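Here is the naming used below: chain letters follow the sequence lines, and residue numbers restart at 1 for every chain. Every value quoted in this text rests on a predicted model; they were computed, and no experiment measured them.
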Amino acid sequence: MNKKIDYRNELNPAQLEAVESIDGAYLVIAGAGSGKTRVLVHRVAYLVEKKVKPDEILLLTFTRRAAEEMLRRASLLLDERCSRVSGGTFHSFANATLRRYAKVLHLANNFSILDESDAADTINLIRARLGLDKTDKRFPRKRAILEVISKSINKSEKLADVLYDEYPQFLEFSDEIKKIREEYRKYKAAKSLLDYDDLLVYLKELLVNHADVRLALSRRYKYVMVDEYQDTNKLQAYIACLLASEHKNIMVVGDDAQSIYSFRGANFRNIMDFPRLFKNTRIIILEENYRSTQPILNLTNEVISRAKEKFEKNLYTRKQGGSHPLFIDAEDENAQSRYIADKILGLREEGIELKDIAVLFRSGWHSNDLEIELASRNIPFVKYGGQKFVEAAHIKDVISYLRIVYNSADQVSWMRALLLIPGIGSKSAEKIISSFSFGKDRLHPISGIKKEEVRKLLDILKEIDSASPAQAGRDPARIIAIILEYYQPLLKHKYDDFHKRINDLDSLLRIASRYKSLEQFLTDMALEPPERSLAEAGLRDKDDSTLTLSTIHSAKGLEWHTVFLIYVAEGHLPSYLSLEDEEGIEEERRLFYVASTRAKENLFLLKPHIDRSPRSFMDGGGSVFTQPSRFLDEGGIMDKFVQVEDAGDEFAAACAEFKEDTGKKSASDKEFLRMMQEYFHGQEED
DNA sequence: TGCTGTATCTTTTTT
DNA sequence: AGATACAGCA
């Protein structure tokens with residue numbers, strides 16, 4: 001029973017055009033909150049209605065969250081056919097495709113995926129093997145080396161150019177880094193290991209060098225759609241275009257003003273250049289904003305209008321009323337946290353649910369104090385972004401055993417597993433590893449291993465091998481259960497705080513029990529790891545509504561009724577690390593823009609006046625008075641928000657800062673006064 | 001060779 | 001504050 005969708009009524013003319021355009025190349029420039037997701041969702045439904053098979057539609061999105069949300073909404077709109085659309089992130093799509101076509105590239109299809117720290121460790125190993133660990137001059141650290149190599153791949157630039165442009169301090173090591181890159185490449189190839197970049201590189205090669213595969217994929221995916229195109233890098237853009245090269249049915253959607261991934265090689269010029277690749281590209285611009293109130297838009301428009309380079313857009317809304325964004329210069333970090341917690345409780349009284357509220361920040365640790373405050377007040381929350389659950393050392397330990405089970409040639413995991421055994425360091429571990437001879441998918445330990453502990457490890461692995469058939473479809477939870485028996489003593493030996501970590505292992509087991517196949521489990525842990533959830537306060541299921549804490553990066557594409565943006569201070573947003581060049585600051589500006597455009601009704605900007613954060617020791621140590629973010633301090637912008645003085649004694653000053661929003665004064669006036677009252681009332685308790 | 005204690009540096013965002 | 005590199009000891 002198909003629902004009849006009334007596209008004409010549900011969409012504005014520009015949106016409708018995008019939805020009803022089927023064949024050909026389209027570039028949709030979609031300002032923040034302009035209904036971009038709505039367009040994609042409707043377009044999926046429209047295509048399906050036009051008898052395009054769902055799996056012939058390829059939807060490449062930036063995060064899995066975005067993909068799921070989109071397919072969920074499309075299914076709601078039409079029917080469950082929409083949930084069978086192909087797609088995911090570039091990396092997950094690459095993974096799936098490469099496993100299918102592994103043979104063509106002479107690649108084992110049980111390759112393992114190295115995450116960033118695995119890759120960095122491998123780099124270090126190779127550096128040592130090359131004898132580059134004993135240099136007299138200071139050599140770049142493993143992360144830095146990896147960063148350089150990765151950037152050169154993602155930006156499709158020569159290593160030397162990347163060094164010259166971004167890491168001039170490493171120029172003198174140019175030859176050594178190249179050597180490491182070469183050895184690293186060989187090492188991975190020999191051991192069936194792929195890092196994140198390899199996924200893209202191999203996919204690109206597959207598409208470029210194998211016309212038959214490219215054709216097959218083109219037939220399979222007749223309509224290609226790419227979301228958040230401004231955040232793709234050269235390699236990804238190339239892949240998208242290659243996929244569409246046969247039929248040229250491609251729609252890319254993005255907003256140059258929201259490009260925030262240049263550190264990963266993203267280049268918003270991809271958007272500008274798209275029409276050059278596809279000759280008859282039709283450009284559709286969505287400018288009407290359906291998300292935020294006018295006062296919020298006034299602020300965000302003002303901030304982005306100062307960007308150096310952009311498509312001219314001016315977002316407007318028909319939404320009436322709304323209150324001014326508030327700027328609160330809280331006394332210190334904890335005052336900032338308390339303000340938010342108070343306000344959240346107040347909003348909840350008014351019927352705003354926790355799930356409609358978010359606190360956003362530039363970097364993961366910005367929310368540390370807030371997390372403690374929220375926990376003490378029993379406000380349940382989930383944190384997105386920042387350090388991931390699977391990056392914790394003990395989780396990586398356990399996963400390394402699983403990776404060995406899956407791909408016994410995975411030497412990176414072998415190394416990790418062996419180093420956990422007391423008495424075995426890197427030398428012995430290397431010796432042991434080279435004494436193995438690696439068969440096709442089973443390991444053959446060679447005699448002469450004396451260490452009883454190593455035996456034990458091998459026995460456990462053998463036990464797993466015999467307990468479950470070597471074929472795919474192994475049950476990851478069962479394997480973990482066996483491994484934990486073995487691992488627990490090692491855990492206690494290695495970490496003083498093991499009792500905290502043991503809980504995490506339970507979580508891992510719980511997560512694993514949702515998977516039927518080891519391969520899928522390992523892939524997801526590498527490519528789409530579960531977010532670190534601190535909401536274990538137990539209040540989770542009570543009303544099933546949780547507050548969102550998120551880095552700005554992870555908040556992309558989402559929206560909330562009320563948004564708090566914290567640490568809106570110089571050195572934090574913009575981050576002091578990006579102050580060196582103009583491009584860096586421009587990206588911070590876009591970050592500010594992305595963050596503040598997430599708000600539908602209320603936007604609170606906060607900063608602690610006294611900065612005792614760990615990084616303040618950089619400039620002088622101890623505590624430092626913060627300056628408001630430069631994005632709030634540019635001429636003419638002050639009247640786009642209301643500044644609330646935290647000093648408590650300055651009611652008059654705060655009032656003086658208040659400038660009326662022309663037009664709809666009654667609503668915002670009342671709102672403002674209420675805020676003020678609440679605010680100063682709150683102050684008395686301090 | 002491995003372990004432990006100390007000196008040193010760096011510190012963002014994500015697949 | 002935390003990670004990493006390094007030096008010295010067992």
How do A:Ser363 and A:Pro422 order along DNA chain B: which one's closest nucleotide is nearer the 5' end?
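The residue closer to the strand's 5' end, by nearest nucleotide, is A:Pro422.
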If you find the nucleotide of DNA chain B closest to A:Gly425 and the one closest to A:Thr551, which residue's nucleotide is nearer the 5' end?
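The residue closer to the strand's 5' end, by nearest nucleotide, is A:Gly425.
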Just to be sure I understand the rule, does [X] reach a base, reach only the sugar-phosphate, or reach nothing, if contact means heavy atoms closer than 4.0 Å?
X        : result
A:Glu116 : base
A:Ser92  : nothing
A:Tyr261 : sugar-phosphate

Among the nucleotides [options], which one has an atom lying closest to any side-chain atom of [X]?
X        : options                : answer
A:His553 : C:dA5, B:dT13, B:dT15  : B:dT13
A:Lys427 : B:dT14, B:dT12, B:dT1  : B:dT1
A:Arg141 : B:dT10, B:dT13, B:dT15 : B:dT10
A:Lys142 : B:dT14, C:dT4, B:dT12  : C:dT4

Presence of donor-acceptor pair under 3.5 Å, side chain of A:Arg264 and base of B:dT13
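Between B:dT13 and A:Arg264, which were checked side chain against base, a qualifying N/O pair under 3.5 Å is absent.
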Closest non-hydrogen atom pair between A:Ser400 and A:Asp397, with its separation:
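Here A:Ser400 and A:Asp397 meet closest at OG-O, 2.6 Å.
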Below 4.0 angstrom from OP1 or OP2 of [N], is there any side-chain N or O of [X]?
X        : N      : result
A:Ser575 : B:dT13 : no
A:Lys388 : B:dT15 : yes
A:Ser554 : B:dT14 : yes

Please identify which of these residues, A:Phe381, A:Phe564, A:Trp560, A:Phe604, meets the side chain to side chain contact (heavy atoms under 4.5 Å, CB included) condition with A:Val359.
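Running side chain to side chain contact (heavy atoms under 4.5 Å, CB included) over A:Phe381, A:Phe564, A:Trp560, A:Phe604 with A:Val359 returns exactly one hit, A:Phe564.
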Can you check the [X] [atom1] to [N] [atom2] distance for me, whole Å?
X        : N      : atom1 : atom2 : answer
A:Glu391 : C:dA3  : CD    : P     : 12 Å
A:Leu419 : B:dT4  : CG    : P     : 14 Å
A:Glu147 : B:dT10 : CD    : P     : 13 Å
A:Leu420 : B:dC3  : CG    : P     : 11 Å
A:Gln169 : B:dC9  : CD    : C1'   : 14 Å
A:Asn154 : B:dT13 : CG    : P     : 18 Å
A:Phe361 : B:dT13 : CZ    : P     : 10 Å
A:Trp365 : C:dA3  : CH2   : P     : 16 Å

Just wondering, do A:Phe263 and B:dT13 stack (centres under 5.5 Å, planes under 30°)?
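Given the distance and angle limits, yes, they stack.
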Let's go through A:Phe361 and A:His553 carefully: what are the C-alpha distance in whole Å and the side-chain angles of both, what is the deciding distance for ring pair (Phe, Tyr, Trp, His ring centres under 6.0 Å) to 0.1 Å, and is it a yes or a no?
CA-CA 9 Å; A:Phe361 33 86; A:His553 285 88; over 10 Å; no
Give the ring-plane orientation class for A:Tyr261 versus A:Phe62, where under 30° counts as parallel, over 60° as perpendicular and anything between as tilted.
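Tilted, since the angle between the ring planes falls between 30° and 60°.
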Would you call the rings of A:Tyr567 and A:His366 parallel, tilted or perpendicular, taking 30° and 60° as the class edges?
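Correct class here is parallel.
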Going by side-chain contact (heavy atoms from CB on, under 4.5 Å), name the residues that satisfy it together with A:Leu579, two or more places apart in sequence or in a different chain.
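By the side-chain contact (heavy atoms from CB on, under 4.5 Å) rule, A:Leu579 matches A:Pro574, A:Tyr576, A:Ile585, A:Arg630.
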Distance between C1' atoms of B:dT13 and C:dT4 (Å, rounded)
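Going atom to atom, C1' in each nucleotide, I get 22 Å.
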If we take the C1' atom in both B:dT12 and C:dA5, what is their distance in whole Å?
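One C1' to the other, the span is 23 Å.
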